[in-house]
Trainee: 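Here it is, the structure in full.
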Amino acid sequence: MHLLISVGLLILCHTLIWFGTNLQLLDSWSKAKSLSLSVFLAIPISICSYYATHYGFKALGALWSVRFLAFSLSYLVFPVLTWVYLKESPFTLKTIICVFLSFAMIAIQVLLPD
């Protein structure tokens, strides 16, 4: 259960980070408000990150495992949001290989014992 909470919080965290940093690229309203939104999102992002680390460490028992899990999930969130909102295709050889490697890193951290 701790692992699911951590994964959910990390996905939420990376989604908020994506909007906080990339909203400036979407439209004129977003460009005008993007820095304010980024500052506003800083506290929720920090809280999500804090608790994701807390629960991830409880589930996995090593901070390195939590770090690689967070990295891998970020690389799964980023291509989807970039594809949906900025119309940049994640279906290039380079991106597909990186997404596959992200899945592999998650599997290694979750399934292999220390």
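We count residues from 1, following the sequence as given. Values below: all heavy atoms of this structure, side chains included; hydrogens, waters and symmetry mates excluded.
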Trainee: With no hydrogens and no angle check, just 3.5 Å: does a side-chain donor-acceptor pair link T82 and W18?
Mentor: yes

Trainee: Please check: side-chain N/O of S49 versus main-chain N/O of S46, any donor-acceptor pairing under 3.5 Å?
Mentor: no

Trainee: Got a second to check how far L3's CG is from L10's CG, nearest 0.5 Å?
Mentor: 9.5 Å

Trainee: Walk me through whether L26 and L86 qualify under side-chain contact (heavy atoms from CB on, under 4.5 Å).
Mentor: CA-CA 7 Å; L26 294 181; L86 295 176; 3.3 Å; yes

Trainee: Enter the distance from F19:CZ to L81:CG here, rounded to the nearest 0.5 Å.
Mentor: 5.5 Å

Trainee: What closest approach, in Å, do L23 and S34 show between heavy atoms, and which atom pair accounts for it?
Mentor: C-CB, 4.2 Å

Trainee: So, for I106 and L76, which heavy atoms are closest and what is the spacing to 0.1 Å?
Mentor: CD1-CD1, 3.8 Å

Trainee: Minimum heavy-atom separation for W83 and S89, please, with both atom names.
Mentor: CD1-CA, 4.1 Å

Trainee: Please check: side-chain N/O of S6 versus main-chain N/O of H2, any donor-acceptor pairing under 3.5 Å?
Mentor: no

Trainee: Can you tell me how far apart CG (L37) and CG (L16) are? Round to the nearest 0.5 Å.
Mentor: 9.0 Å

Trainee: Between Y51 and H54, how do the two ring planes meet: parallel, tilted or perpendicular, split at 30° and 60°?
Mentor: perpendicular

Trainee: Is there a side-chain contact between L9 and I47 (heavy atoms, below 4.5 Å)?
Mentor: no

Trainee: Any chain of hydrophobic side-chain contacts (each under 4.5 Å) joining V84 to I11?
Mentor: yes

Trainee: Could you grab the distance from atom NZ of K58 to atom CE of M1, nearest 0.5 Å is fine?
Mentor: 12.5 Å

Trainee: Starting from M105, can I reach L111 by hopping between I/L/V/M/F/W/Y residues whose side chains sit under 4.5 Å apart?
Mentor: no

Trainee: Give me the atom names and distance for the closest heavy-atom approach of L73 to H14.
Mentor: C-CD2, 4.3 Å

Trainee: Just verifying a value: how many Å separate I17 CD1 and I45 CD1, rounded to the nearest 0.5 Å?
Mentor: 5.0 Å

Trainee: Applying a strict under-4.5 Å side-chain criterion to I, L, V, M, F, W and Y, I'd like to know whether V77 and F68 cluster together.
Mentor: no

Trainee: Extract all donor-acceptor atom pairs below 3.5 Å that involve side chains of residues 91-99 and protein atoms in other chains or at least two apart in sequence.
Mentor:
unit_1	atom_1	unit_2	atom_2	d
T92	OG1	T95	N	3.3
T92	OG1	T95	OG1	2.9

Trainee: Which atom pair, heavy atoms only, marks the closest approach of L69 to V7?
Mentor: CD2-CG2, 4.1 Å

Trainee: In the single-linkage hydrophobic clustering (I, L, V, M, F, W, Y; side-chain heavy atoms under 4.5 Å), do Y55 and V110 co-cluster?
Mentor: no

Trainee: Under 6.0 Å from the CG atom of L112, do we count more than 12 heavy atoms belonging to anything else shown?
Mentor: yes

Trainee: Count I, L, V, M, F, W, Y as connected when their side-chain heavy atoms are under 4.5 Å apart, and connections chain through other members. Are L41 and L25 then in the same cluster?
Mentor: yes

